[in-house]
Each structure stands twice: as C-alpha cells, then as structure tokens.
Protein chains: 2
Amino acid sequence: MAKPSAPSRERIVAGAADMISRRGLNGTSIRDLAKHAEAPLGSTYHYFPEGKQQLATEAVQYADAAVARVLRKELDAGPVAGLHAFLALWRGIVLASDFRAGCPVLAVAVEEPPADETPPALVATAEAFDRWEQLLAEALREHGAAPDQAPGLATLIVASVEGAIAMCRAKRTMEPLDQVARQLEALILGALDGPA
Amino acid sequence: MAKPSAPSRERIVAGAADMISRRGLNGTSIRDLAKHAEAPLGSTYHYFPEGKQQLATEAVQYADAAVARVLRKELDAGPVAGLHAFLALWRGIVLASDFRAGCPVLAVAVEEPPADETPPALVATAEAFDRWEQLLAEALREHGAAPDQAPGLATLIVASVEGAIAMCRAKRTMEPLDQVARQLEALILGALDGPA
DNA sequence: CTCCGGTTATAACGAGTGTTATAGACGGTT
DNA sequence: AACCGTCTATAACACTCGTTATAACCGGAG
C-alpha cells in the first residue's frame, strides 16, 4: 500500500543527487529540483516531509548505493578491475557533464553543520566513504594483499579519486584522474605479492 | 596612495577564505562575511566592486598563496619534509575547527558555473592546484626522483590530501588524513632512489 | 576654515529561499 | 453512486540573498 506507485520519488532523489553534484547542496533549490525532475513542488514535501535535509540524505545514500553496486560487481574480478570500474564511473560522469558534475557525496561533505548537531546528510556521507573503503579493502585482502595494508590503501584510493575528480572540474581536464589512475593501479599490483 | 590603509581589506579576504572553507561558497553570505570580519557591508563592495565573484576569487588566491608559501619554505628540506608541512597545515585547520573547516579551494572548485563562461574563481582554483603540484614535483625531481614520475606523484599527493580532508570532516576523525600521510611518505621515499 | 577623497551607514530593490496551508484532482474500492 | 487516501496545484509566509543608491562621516591638504 505504499510501494506500488512511486516512480517520481526515485526520479526526485536521482535528480537531487545529480543536481547536488553540479551546484553543491546550498546551490540546489527545491524548486529547481522539482522542475528538473518534472515533479510538482508539492510532491517534494509529500515524499520528503522533513524537507531538504531528508532529500540531501537520500540523495547521498542513492549515490552511495549506486557506487557500491558497481564496486561489488566488478571487484569480484580483482581489485584492479574494481578500481577501473570505479574510475570509469566517475570519468563518465565528469566527461558527460563537460566537467560540470562531480561527486555528490563530496559536495555534501564539504558544507558544514551550522549547529552543533551532526546533520543526517553528513552522516550519510561518512557511511558512503566507509562503505567504499571497506569494499575495496576486502577485495584487496581476498586477492593477496597484506591484511594490515589493505585498509590504508583503500583509503588512499577513495581519497585520491575524490580529490582528483574535483581537480578535473577545476582544470577542465581529465589529467588528474588519469594520473591518479596510473599510480593507483601500480600501487595495487605492488601490494598483491610484495611480502609473500 | 592606495596601500597605506587597508588592514580591513585583508581581514575580509582572510575571513572569506575561512568562511568558505566551512560553509562552502553558496553558504557564505556577504552580510555574514562582513559581520565576521568586523567590517561594514558597504566596505565589502567598496573594496570588491565586482561583488561576490571577486571576493571568492581573491579568497582562493589568498589560500593558494598561504599554502604555496609553506610549501616553498619547507620543501627545501626535501619532499618528505614538505609533505609533512602540507599535512600539518591541513591537520591544524581541521582539528582547530573541530572538523568544521576544510580546504576553501576544494570548496569553490565543487560549485558549478551556472553559465557557459568559466568564472574567475574556478580559474583560481585550477591555478592553486597547479601551483601546489608544480612545487611538489619540482622538489621531487631535485631530490632524485625520476623526472617522468614526479608530476604524477605530485598530483596524487594533492588529490589524496584534498580528498582525505573532506573525508575527515565527514567521519569526524583524523584517520583518513593520517592513513594517507603514511602511504604518501612511503611512496615518496620509494621514488627517490628506486631505479637508480 | 574649507574642501575632498576614501570610507561607512542606512535603506531599499527585486529575486529567490525553505516551508506551510489549503483546496482541488485523480483513481480505485465499496 | 459515494467515499477515501494518494498525489498535485496555487498561494502565501517570513525570510535571506546579492546588489545598488544615496547620504553622511572623517581625517588630512590647501
């Protein structure tokens, strides 16, 4: 009684993730969001009664899930394959938007809580980063990396890719991401059989 | 006739950089900015006639110069020392703000140009990233790194540190930056005498 | 003193913000 | 047919935004 009809709800969330990845959280208004998702303004508050905060949270979780799905699928073929899928995903987003879109999770993570209470959207960004790191670390361990080095390498991968995406947007070039890609691939290969 | 009196102008720019690093560009209003810098609103438009765009640009350039100054000074003692200074700088900012402030350059780089023209503030972010990378690459080369590997490593350093700062804010932990620090130090050390 | 340029104070403009309220439309069940 | 819960349309509220205009200050030069 609550699931059968809701195609527009997901459209709104997906549109929010896309819009936030372009203009940032504060730069994304609910009116524009509704217009862009071809949904009426009223529906936004019908589906997301807690307003923008809830919308931002779900947008982050949406992006998180999409990335995690790709990672889970491609990491089976090894960490290098997973890395390539991770990179290709962001590469496609940046390139298809002509350097106007980036990572919505990073965008939300970069705007502070005005109050002392940690807003749920920020919590969602932390969970997203954690999930990606954990997936990568697990795959690294399963393919022969030293268990005590896997988490650190996974963190480096996520951090450098996120940073590189932003740098690509600034420079309007794919060079940062491509450079980072080369380094990370070599690093992973080196970690899979070093001390053994 | 234009330089003797302008202590408040720099206060405004510095305050803008700080505020942008916390709330993002769109989250920073000129009114709050003036209040936080203890300068009247009118002065903001007196010193920065082109408005917020100019203010954002100069804030980015201000942060750029501050970071470049530290890098130039500490890189003389070698790339590892420079890396440590780079990391310590951001560590101090994140920690002193209780995870509320990050990198203002990244914050600006993450909000899109609504029009087709590339805004000057975005150009400034690209220049900042470029400068930091170039300083690091130069130091790497001068201390024995292979000339064709130095730029890539420098890019990886900047990207991963920027990404890690954002992740620290999200998780409210220093772990990402510390993990990245360890990896980067090892990488630099390995690049200084590997193939020779 | 007057004058004057660099600075500031006050007010207002129009547009946009998140959000709420209220009433209407739609579609399937009884 | 009447009913009902889900969704939507419209309007409004109380702001805040960036920006502009205008008038006043205020300290040194003439």
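Throughout, a chain's letter reflects where its sequence line sits, starting with A, and its residues are numbered from 1. Keep in mind that what you see is a predicted model, and the values were worked out from it rather than measured.
Taking 4.5 Å as the limit, every side-chain heavy atom of B:Val94 sits out of range of all side-chain heavy atoms of B:Arg100.
Ion pairing between a basic and an acidic side chain is recognised when a charged N comes within 4.0 Å of a carboxylate O; B:Arg182 and B:Asp178 show no such pairing. For A:Glu133 and B:Lys171, the salt-bridge test passes: some basic side-chain N is under 4.0 Å from an acidic carboxylate O.
One interatomic measurement links the two molecules: CG of B:Leu25 to C1' of D:dG18, which rounds to 12 Å at whole-angstrom precision. Between the CZ atom of A:Phe48 and the C1' atom of C:dT19 there is a distance of 16 Å, given to the nearest Å. Rounded to a whole Å, the CG atom of A:Leu41 is 12 Å from the P atom of D:dT10. Summarising the geometry, the separation between OH on A:Tyr45 and P on D:dA9 is reported as 17 Å, rounded to the nearest angstrom. Distance B:Ile12 CD1 to C:dT7 P: 11 Å, rounded to the nearest Å. In this structure, NE2 of B:His46 is placed 16 Å from P of D:dA21, rounded to the nearest angstrom. What separates NZ of B:Lys35 from P of D:dC17 is a distance of 9 Å, to the nearest Å. Rounded to whole Å, atom P of C:dT8 lies 13 Å from atom CD of B:Glu38.
Of the candidates B:Ile20, B:Thr125, B:Val67, B:Val110, B:Thr125 is the only one forming a side chain to side chain contact (heavy atoms under 4.5 Å, CB included) with B:Val105.
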Working note: A:Glu138 + A:Gln134, criterion side-chain hydrogen bond (donor to acceptor under 3.5 Å, both in side chains); need CA distance, chi angles, decisive distance, verdict.
CA-CA 6 Å; A:Glu138 194 178 337; A:Gln134 205 198 328; 4.6 Å; no

Checking B:Arg9 against B:Glu58 for the salt bridge (Lys or Arg N to Asp or Glu O under 4.0 Å) test, could you report, in this order, the C-alpha distance in whole Å, the side-chain angles of both residues, the deciding distance, and whether it holds?
CA-CA 11 Å; B:Arg9 192 186 197 277; B:Glu58 295 206 21; 2.9 Å; yes

Using a cutoff of under 3.5 Å, can you pull out all pairs of nitrogen or oxygen atoms linking the protein to nucleotides 15-17 of chain C, with atom names and distances?
residue: C:dT17; atom: OP1; partner: A:Ser29; partner atom: OG; Å: 3.1

